Protein chains: 2
Amino acid sequence: MLIIIMIRCIRRDKSLNYQNYQVNKNTPVPLYYQFKNIILKELNSSQPDDALPPEEVFCNMFGISRSTVRQAILELVNEGYLYRIKSKGTFVARPKIKSDLIDLYSGYNIEIQGLNMTPALKVINMEFISPDRNIAQKLQIENTETARVLSILRYQYADTQIMAHIQSYLKSPLCDFVTEEKLNTCPLYQVLGQNDSTKIKRIERTIETCYANPSEVKLMNMDKGGLVNLCANIGFTAKNEPIWYEILKYRGDKVKYTIEINLD
Amino acid sequence: MLIIIMIRCIRRDKSLNYQNYQVNKNTPVPLYYQFKNIILKELNSSQPDDALPPEEVFCNMFGISRSTVRQAILELVNEGYLYRIKSKGTFVARPKIKSDLIDLYSGYNIEIQGLNMTPALKVINMEFISPDRNIAQKLQIENTETARVLSILRYQYADTQIMAHIQSYLKSPLCDFVTEEKLNTCPLYQVLGQNDSTKIKRIERTIETCYANPSEVKLMNMDKGGLVNLCANIGFTAKNEPIWYEILKYRGDKVKYTIEINLD
DNA sequence: AAGTGGTCTAGACCACTAC
DNA sequence: TAGTGGTCTAGACCACTTC
């Protein structure tokens, strides 16, 4: 008596789902980019380790070439959405853990304890200054005498309490377009991202722990001898040119933060 | 009287340098990879913002196709060695600042103050345990009752002084091949990198500052009420599966560390 | 008008995996 | 043996920059 049950037939063929989409060859939007977004949408209804259709199937399905398919898929692999095993296939990666308050670019990606507090960032002072030796070294400025940097002091609040003290230095005249008005509407990294030549591509960050000094204790309304986490960021452009140096001091007792590190 | 000096002729044509190299089409080493290494070598004798020869010149020079040239160059752009401007060309980026003691993978990438001390990492204890709720959550373990994790306690020394206290948890049985012997010869990330399925692709890191508790004060021989930096790492594979959870406590008074963050 | 990088096609051969 | 991703070729058209 034949009782083999065709379990494989019950499994949904994932490749069918993609037939609800198509690419438009008459827009300026690149084909690989359209196709990439199609995969991203479909990932929402996928499970980790689900197999994607092989490259050739995608080629036929959308009428695009294998290179175009590969460009989209390889970018998604780089971004952690998919993984590939040679001779086996392309598979869905587990979703990333996302922390709510992470903001890798901004330099003030702190997680404020207690969910009911409203974070706010306020510009306290902005002025052009001559860089001291430390700033000049960090920003790789050679002509210290004539060079100027834009100095920005900001406070990070949670409700009315000051949680952090942020001192930034931006290379001038490259970053002169940064104004207080712009900083009040969007984060510094976004303002810098408005120009290709000032877009931040990489950050080097140093972290140290120290005791707060008396003025910081007073400013942040902390207990005497309170902890301060000192975080120094240097932001680099695509040219690997440092244009942004930032020193962040935040209350060690109330603040922690999360970083995502991608390895190659 | 004609006194225009042809300054442009004095500039060395960089493309000539590349003619000292060639690729070998009869090795199993991919052409794009050979070509990439040729560029990397040539970068040593280049200045930031120097222009590279255009893609087509490379094609003719090495007898390889444009896609192969592009694959090499685009990887170098991703790695921060080059930058490209559309319609203008490919240029040398400024060299990255490299800190000596950075070790992104290892989780104990600390910079020990005072250069004359010898760092050492020692395994104190290794055993299989049942994960508690926190560990299970971090490693996305569902079946808490039957699951096991490999618990590893290590101390980081500078000379004879303990600088950090490192507690790691590895998913079992995937990571059972990690032995004390292997940990004594190379860093944990390298041991995990020996298998494709346990290779770490991404790390999520949380940093907090706190006071040392009495046993830590004693262990690390610190002043009472000493600062401890608490650093929690979760390591993910290409599948985005968390397999490595590590809690690092290090002396806030003696240790700082540096992180490199790449943005997309 | 010439040069450059961005996108895209239609093929090809290979090594490795699974059956 | 068939299927898969990895590598590679030889073209093509485009938008944008520079002259």
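For the numbers below, each heavy atom of this structure counts, side chains included, while hydrogens, waters and symmetry mates do not. Sequence lines set the chain letters: A, B, ... in the order given, protein chains first and strands last, and positions in each chain run from 1. Keep in mind that this is a model prediction, so the values were computed, not measured.
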Exercise. Let me know the distance between CG of A:Asn24 and C1' of C:dC8, rounded to the nearest Å.
Key: 15 Å
Quiz prompt | B:Phe62 CZ to D:dT9 C1', straight-line distance once rounded to whole Å | solution = 18 Å
Quiz item: Is there side-chain contact between B:Phe236 and A:Arg94, with heavy atoms separated by less than 4.5 Å?
Solution: no
Quiz item: What string of B, S and - do you get for nucleotides 11-19 of chain C, 5' to 3', if B is base contact, S is sugar-phosphate-only contact and - is no contact with any protein heavy atom under 4.0 Å?
Solution: -B---BSS-
Practice problem: For A:Gln71 and C:dT9, give me the distance from atom CD to atom C1', rounded to whole Å. | Solution: 13 Å
Quiz prompt | Rounded distance (Å) that lies between atom P of D:dT17 and atom CZ of B:Phe91 | solution = 13 Å
Quiz prompt | Minimum side-chain heavy-atom gap B:Val191-B:Thr179 below 4.5 Å | solution = no
Quiz item: Is there a donor-acceptor pair under 3.5 Å between the side chain of B:Gln34 and the backbone N or O of B:Val29?
Solution: yes
Self-check item: Contact check, side chains of B:Ile73 and B:Tyr32, non-hydrogen atoms, under 4.5 Å
Solution: no
Quiz item: How many angstroms lie between CD1 in B:Ile152 and CH2 in B:Trp244, if you round to the nearest 0.5 Å?
Solution: 10.0 Å
Quiz item: Between A:Lys138 and A:Glu204, does at least one N-O distance fall below 4.0 Å, as a salt bridge requires?
Solution: no
Practice problem: Quickly work out the A:Asp196 CG to D:dC16 P distance and round it to whole Å. | Solution: 13 Å
Quiz prompt | Distance, rounded to the nearest Å, where B:Glu56 contributes CD and C:dT7 contributes P | solution = 19 Å
Exercise. Please lay out, stage by stage, how A:Ile38 and A:Phe62 fare under the test side-chain contact (heavy atoms from CB on, under 4.5 Å).
Key: CA-CA 11 Å; A:Ile38 291 172; A:Phe62 294 102; 3.9 Å; yes
Quiz item: Can you check the A:Phe58 CZ to C:dT9 C1' distance for me, whole Å?
Solution: 19 Å
Self-check item: Nearest-Å distance for atom pair CD/C1', residues A:Glu55 and D:dG6
Solution: 9 Å
Quiz item: Does B:Arg70 place a side-chain N or O at less than 4.0 Å from the phosphate oxygens OP1/OP2 of C:dG6?
Solution: yes
Quiz prompt | Nucleotide of D:dT7, C:dT9, C:dG6 approaching B:Arg84 most closely (side-chain heavy atoms) | solution = C:dG6
Quiz item: Counting side-chain heavy atoms from CB outward, which of D:dG5, C:dG6, D:dT9 is closest to A:Pro54?
Solution: D:dG5
Practice problem: Have a look at A:Lys36 and tell me which of A:Gln71, A:Lys41, A:Glu79 forms a side-chain contact (heavy atoms from CB on, under 4.5 Å) with it. | Solution: A:Glu79
Practice problem: Give, ordered by number, those residues of residues 28-40 of chain A having at least one heavy-atom distance below 4.0 Å to an atom of DNA chain C; if nothing qualifies, reply none. | Solution: A:Pro30, A:Leu31, A:Tyr32
Quiz item: Out of curiosity, A:Ser67 OG to A:Leu31 CG, how far, rounded to the nearest 0.5 Å?
Solution: 12.0 Å
Exercise. Nearest-nucleotide wise, let me know which of A:Thr90 and B:Thr68 is further upstream toward the 5' end of DNA chain D.
Key: A:Thr90
